[in-house]
Amino acid sequence: MIKQLLFACSATVLILTLATSCRNKNRNNNATDTLGYEIKSLTTSFNNCNVDSPDCSHITYTFPFFNTPGATADSLNAYIKFMLGEKTGSNTLQKTQNNFMADYTTYLKDTDTPQVWYSQTNIDVAYQHNKIVSLKIEMDDYTGGAHGMISTAYQVFDKTTNKVLMQPNLIKKDKAQELLAIAERSFRKNAELNDTTDLEKAGYWFKDNSFYLTENYCVTSDGITWLYNPYEIAPYAQGTIELFLTKEELAPYINETYKDIWD
């Protein structure tokens, strides 16, 4: 209760809904049931501060709200809220932001050297086809320490099942190892490593010193991008590492169910 009262005195809520945008730049003649959506933004700032100021502690969510009626849009909207921390019956998006600001208020009471906190999550539609929606989730957080944490996550949503499309279901099982070999060659080429260079000695942290494709992948209009965040397979200084294969390279390895996602 005390936390709630402190928060009520120190934070102001700003809710902004931007104009509707039917992002159909990736639409093609066969993708007749792509979903319309609008971009929404929810921000809570400390003491009504200007979020553009470097001295303003705040938390912001920007995300698509799918407005095409039907179960797929409902499932996508629920999943996006879940990714942002909302849980049915216990949490709302506003409550997750209130909790962040309440923690910041407690932190101010317990420190003699206050720092600005911020948390920014931006979700966007990276690609849409009549079978899938690729979501890009960018997170930038700072709650003290030497530096903030920036990360990117991808989720590919199957519009036929209304569930996340896991990578093993996208790739033919009997072709998975062959695809892995092609991906590793591409990775080594990008990293300027030859075929026999020890990955660990080269500064990479793959489990058991064996290359793997991360589950953090995104289907785009041109192919698939796999993304390794800082600290995932290399030191922070390496930053984000991406691996891209074109749709032409990938065509032989895609399951029949999804072979037309680039048509």
Side-chain angles (χ1 to χ4, degrees), residues 26 83-84 115 117-127 129 132-158 164-255 257-259 261-262:
N26 291 317
M83 286 191 291
L84 291 170
Q115 294 177 301
W117 283 16
Y118 61 82
S119 178
Q120 299 175 165
T121 303
N122 179 65
I123 302 177
D124 200 4
V125 177
Y127 177 64
H129 179 269
I132 63 168
V133 176
S134 290
L135 299 174
K136 182 179 183 180
I137 306 102
E138 297 176 296
M139 294 158 281
D140 185 1
D141 301 291
Y142 181 78
T143 55
H147 56 72
M149 179 57 69
I150 297 175
S151 62
T152 301
Y154 291 117
Q155 292 289 354
V156 180
F157 194 86
D158 187 330
V164 172
L165 175 58
M166 304 304 291
Q167 190 171 201
N169 295 326
L170 178 65
I171 306 300
K172 294 177 180 177
K173 290 183 179 180
D174 61 341
K175 294 286 187 178
Q177 288 303 312
E178 186 177 337
L179 175 61
L180 185 65
I182 292 173
E184 181 170 1
R185 285 197 294 272
S186 181
F187 177 88
R188 287 177 176 272
K189 181 180 179 180
N190 294 341
E192 299 182 344
L193 304 176
N194 62 44
D195 292 343
T196 59
T197 299
D198 185 281
L199 291 170
E200 186 173 356
K201 291 181 179 178
Y204 295 97
W205 302 339
F206 289 103
K207 184 179 179 180
D208 299 325
N209 201 20
S210 297
F211 175 82
Y212 65 83
L213 281 172
T214 175
E215 284 287 342
N216 192 10
Y217 79 101
C218 179
V219 177
T220 70
S221 58
D222 299 313
I224 294 179
T225 295
W226 288 268
L227 186 145
Y228 303 85
N229 279 298
Y231 291 126
E232 187 174 350
I233 59 169
Y236 182 83
Q238 283 268 50
T240 298
I241 297 172
E242 292 187 355
L243 171 65
F244 173 74
L245 294 179
T246 68
K247 58 187 178 183
E248 290 79 14
E249 292 174 295
L250 291 162
Y253 308 102
I254 302 298
N255 268 327
T257 303
Y258 305 101
K259 65 179 182 179
I261 56 175
W262 291 299

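Residue numbers count from 1 along this sequence. Atoms considered below: every heavy atom in the structure, side chains included; atoms not considered: hydrogens, waters and symmetry mates. Being a predicted model, the structure only gives us computed values, none of them experimental.
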To the nearest 0.5 angstrom, please state how far the [atom1] atom of [X] sits from the [atom2] atom of [Y].
| X | Y | atom1 | atom2 | value |
| --- | --- | --- | --- | --- |
| Thr196 | Arg188 | OG1 | CZ | 7.5 Å |
| Asp222 | Trp262 | CG | CH2 | 10.0 Å |
| Leu199 | Phe187 | CG | CZ | 6.5 Å |
| Thr143 | Trp117 | OG1 | CH2 | 5.5 Å |
| Leu243 | Glu184 | CG | CD | 10.5 Å |
| Asn169 | Asn255 | CG | CG | 7.5 Å |

Less than 4.5 Å apart, any side-chain heavy atom of [X] and any of [Y]?
| X | Y | result |
| --- | --- | --- |
| Ile254 | Ile171 | yes |
| Ser134 | Val125 | no |
| Met166 | Glu215 | yes |

Would you sort out whether Ile224 and Leu170 count as a side chain to side chain contact (heavy atoms under 4.5 Å, CB included), showing the intermediate values?
CA-CA 11 Å; Ile224 294 179; Leu170 178 65; 3.8 Å; yes

Please confirm whether the backbone N or O of [Y] pairs with a side-chain atom of [X], one donor and one acceptor, at under 3.5 Å?
| X | Y | value |
| --- | --- | --- |
| Glu249 | Thr246 | yes |
| Asn229 | Ser151 | no |
| Gln167 | Thr214 | yes |

Looking at [X] and [Y], what are the two nearest heavy atoms and their distance?
| X | Y | result |
| --- | --- | --- |
| Ser186 | Phe244 | OG-O, 4.1 Å |
| Asp198 | Glu200 | OD1-N, 3.0 Å |
| Tyr127 | Ile261 | OH-O, 2.6 Å |
| Met139 | Ala153 | CE-CB, 4.2 Å |
| Asn216 | Thr152 | ND2-O, 2.9 Å |
| Lys247 | Ser221 | NZ-O, 3.5 Å |

Test side chain to side chain contact (heavy atoms under 4.5 Å, CB included) on Thr121 and Met83 and set out the steps.
CA-CA 10 Å; Thr121 303; Met83 286 191 291; over 6 Å; no

Could you go through Leu250 and Leu179, starting from their C-alpha distance and side-chain angles, then the distance that decides it, and tell me whether this counts as side chain to side chain contact (heavy atoms under 4.5 Å, CB included)?
CA-CA 8 Å; Leu250 291 162; Leu179 175 61; 3.8 Å; yes

With side chain to side chain donor-acceptor pair (under 3.5 Å) as the test, would you mind laying out the steps for Asp158 and Tyr258 before giving the verdict?
CA-CA 10 Å; Asp158 187 330; Tyr258 305 101; 2.5 Å; yes

Taking it one step at a time, do Tyr228 and Phe206 satisfy side chain to side chain contact (heavy atoms under 4.5 Å, CB included)?
CA-CA 11 Å; Tyr228 303 85; Phe206 289 103; 4.2 Å; yes

Contacts of type ring pair (Phe, Tyr, Trp, His ring centres under 6.0 Å), residue Trp226, not counting sequence neighbours
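For Trp226 there are no ring pair (Phe, Tyr, Trp, His ring centres under 6.0 Å) partners, ignoring immediate neighbours.
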
Taking the ring of Tyr154 and the ring of Tyr217, is the distance between their centroids below 6.0 Å?
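Here the rings of Tyr154 and Tyr217 have centres that are no less than 6.0 Å from each other.
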
Taking atom CD as the centre, does Glu192 end up with more than 12 heavy-atom neighbours from other residues, nucleotides or ligands that are less than 6.0 angstrom away?
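No - once you tally the heavy atoms of other residues, nucleotides and ligands closer than 6.0 Å, there are 12 at most.
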
